[in-house]
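Read through the structure below, which is laid out as structure tokens, and then see the notes.
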Amino acid sequence: MLLSLPAVIFIVYSGYEERTDALNAGVSETKMLVHSILTEQYSLTGDAEQLGTVLSILPIVKERKVGEVNAVLANILQMKGEFANILIADRHGTVWASALPSLGRVSIADTVAFQNVVRTRRFSSGEYTVEKISGKPTIGFGYPVLNSRGEIDGVLAITVNFEYLNGLLTEEGLPKGALFTLADRNGIVVYRNWGRKEKIGKPLCPKVFRRMAAGPDRVSFLDFGRSEERKISSYGRIGLKKEKVPYLYVLAGLPLKDTLARAQRAQLLQVAILSPFLLVAVVLASLLGKFFFVNQINKLREASERLASGDLGVRVSPLLAGGEMAELGRSFDEMAQQLACRENELNALNESLTLRVEAETERRLHQERLLARHARLAAMGEMIGAIAHQWRQPLATLGAAIQSLRMAWERGSLDAAFLESAEADAQKQLYYMSETIEDFCNFFRPEKVAEQFEVREKIAEVVLLVDAQFANAGVHLEVVDAADGEGLFIHGYQNEFKQSVLNLVSNAFDAVVARNGAAPRPTGLPGLVVVTLRRTEDRVLIEVRDNGCGIPPEFVDKVYEPYFTSKPEGKGTGIGLYMSKLIVEESMGGRISFVSSAEGTVFRIELAASAAGEVGNG
């Protein structure tokens, strides 16, 4: 294959050069064809304007001598085959003279050329039309006929005979297979020298016309249409100097297949000449390669397969001939010997590695248990602080009751009614304190079975535990139920859920207190923590929003890491959010996220909703 590679490269390169030359030649021919058509059309436009100039000032035209004018126009048309007809109409568009005989009254008031002349009072072009007397598809020009006062007295119309243009180009020698299409300013086909004649009067391909209208005046390109119609195309356009829009577009092309035929024949000839040499080279390379390389490589492959299957005693150097293959065989034998030695080392290493993995696994489990215990202790510490706030008011009430008993005794006003009232107040406060202790015990009671529960109830229990702490600090805690009465049932561990919510509410409280202590609020609003409950089709959403100090941007990626805290030393353990994430995402299969800014932080918990009474797997 290496021996044949230069010849293949030569064939491919030669074919590429031949193809490039053929394409360049095709581009040049289409450009020349477009240039020839535009040149002829430029001359025709000048002849039409000169003819209009002469005819418009003839006395017989001014006096409207119909017979004489018709004879003159007929003679001119016979001499000037490039024109399809010559007409003269009055200022209302009614034709009163024509080079071709007319069978009835004809009006050209609806033609663009007539309208442009009346509007501009100068030589103007038109657009595609079927000439009403000759019946030929054409483009017309108009020239004004002025009276002695310089007013429009009529319009002289000259239409183009494109069949004459085709004949003229054919006589000059059109390139083999040359195709050209003429279109007016709107992209309507006026004439084509190929294909079906019913295409005349139909619009060009919109993509092609937009390219011609928006592009430079003259451009060549390779038109990739259907495979049998691919061609090298060039286009150009022509217009009157005082008109902004061209009145004629010329699109010329050569079939790509015919253009590349010569290049393909040259390439086939080169292939035919070089193919025998390539075949001989490949056959020789195959025979020599099989004898000197393939057979010996097969022996080496068989030995490799035996080695891969575990036969570390295999050796191949005695089976290989001299030279590089023998060297390769010796290297293979050395590798097999080293593998046999390392197998013993790996067995010993595997045994020690198993022990190390077991020890590391046990250490990680121990650390996770310690972390969970630490988190629970930290939460208990926060709860004890909350209970302390809860107990301050009932203890103060009990103290006041005791003092009132003593004062009543000293004043001699202690009677049975007073004693019963004081006893009732004291019992009420003691019951409240006992209920607080019971809530605390239930909050941290370990759960073994997951069950269905209502989110509103558990949120209310969390609020009850921290409500006094919030009130003493002047922070307003609000619960917003945006579920419109829908059931907010989820499946999981109730106390773990409450612990995760408590962590978020406590963090929000600390953030608000930290901001209150740092600087006054610019809005003058008090500290606020809002817990919002929502329900979607299959999710229960809990949001904890605060207007605290927010999370600094540099800490955003670290908030869920264990033992990381942005609070001052002694104010936080750094495991609250870590444990909340574990509970929500691993224990309950939900998702926790947050958004923070200088105005505060919003934590969002999403959990799968379950229907009321639905039983989970646990």
Sub-3.5 Å donor-acceptor pair from the side chain of [X] to the main-chain atoms of [Y], do we have one?
| X | Y | answer |
| --- | --- | --- |
| R121 | G150 | yes |
| R192 | T181 | no |
| N166 | F162 | no |
| N116 | S125 | yes |
| T30 | G253 | no |
| N85 | L100 | yes |
| R237 | M212 | yes |
| N161 | T138 | no |
| K62 | L146 | yes |
| T94 | D90 | no |

**Study point:** Side-chain ion pair, E131 and K136, N-O less than 4.0 Å
**Key:** no
**Study point:** E151, CD: over 12 other non-hydrogen atoms inside 6.0 angstrom
**Key:** yes
Practice item. Evaluate whether atom CZ of R545 has more than 12 neighbouring non-hydrogen atoms of other residues, nucleotides or ligands under 6.0 angstrom away. Key: no
If I take atom [atom1] from residue [X] and atom [atom2] from residue [Y], how far apart are they, to the nearest 0.5 angstrom?
| X | Y | atom1 | atom2 | value |
| --- | --- | --- | --- | --- |
| I86 | I76 | CD1 | CD1 | 5.0 Å |
| S593 | K581 | OG | NZ | 9.0 Å |
| E606 | R534 | CD | CZ | 11.5 Å |
| E543 | I605 | CD | CD1 | 10.5 Å |
| Y128 | K202 | OH | NZ | 9.0 Å |
| K80 | D47 | NZ | CG | 4.0 Å |

Practice item. Could you check L51 against F83 for side chain to side chain contact (heavy atoms under 4.5 Å, CB included), going step by step and ending with a plain yes or no? Key: CA-CA 11 Å; L51 180 60; F83 298 135; 3.9 Å; yes
Looking only at heavy atoms, what is the nearest atom pair of [X] and [Y], with distance?
| X | Y | value |
| --- | --- | --- |
| R122 | K242 | NH2-O, 3.1 Å |
| D546 | G548 | OD1-N, 2.8 Å |
| A157 | I108 | CB-CD1, 3.9 Å |
| A183 | L204 | CB-CD1, 3.7 Å |
| V130 | G135 | CG1-O, 3.7 Å |
| L33 | L179 | CD2-O, 4.1 Å |

For a 4.5 angstrom cut-off between non-hydrogen side-chain atoms, does [X] reach [Y]?
| X | Y | value |
| --- | --- | --- |
| V245 | E127 | no |
| Y143 | I158 | no |
| I188 | P203 | yes |
| L528 | V512 | no |
| F123 | T53 | no |
| I139 | L182 | no |
| L541 | R604 | yes |
| V540 | I542 | yes |

**Study point:** N186 vs F209, side chain to side chain contact (heavy atoms under 4.5 Å, CB included): CA-CA, chis, key distance, verdict
**Key:** CA-CA 9 Å; N186 301 314; F209 180 69; 5.6 Å; no
**Study point:** Set of residues satisfying ring-ring contact (aromatic ring centres under 6.0 Å, His included) with respect to Y247, sequence neighbours excluded
**Key:** F141
Point to revise | Working for side chain to side chain contact (heavy atoms under 4.5 Å, CB included), residues V61 and V72 | key: CA-CA 10 Å; V61 173; V72 171; over 6 Å; no
Exercise for review: Kindly determine whether L58 and K65 satisfy side chain to side chain contact (heavy atoms under 4.5 Å, CB included), including the steps that lead there.
Suggested key: CA-CA 10 Å; L58 289 177; K65 295 181 179 181; over 6 Å; no
Revision key, fill the gap. Sorted by chain and residue number, the salt bridge (Lys or Arg N to Asp or Glu O under 4.0 Å) partners of R456 (sequence neighbours excluded) come out as E454, D481
Point to revise | Pair S124-R119, side chain to side chain donor-acceptor pair (under 3.5 Å): steps then yes or no | key: CA-CA 10 Å; S124 303; R119 179 173 52 84; over 6 Å; no
Exercise for review: Taking the six-membered ring for Trp and the single ring otherwise, decide whether the centroids of Y235 and Y249 are under 6.0 Å apart.
Suggested key: no
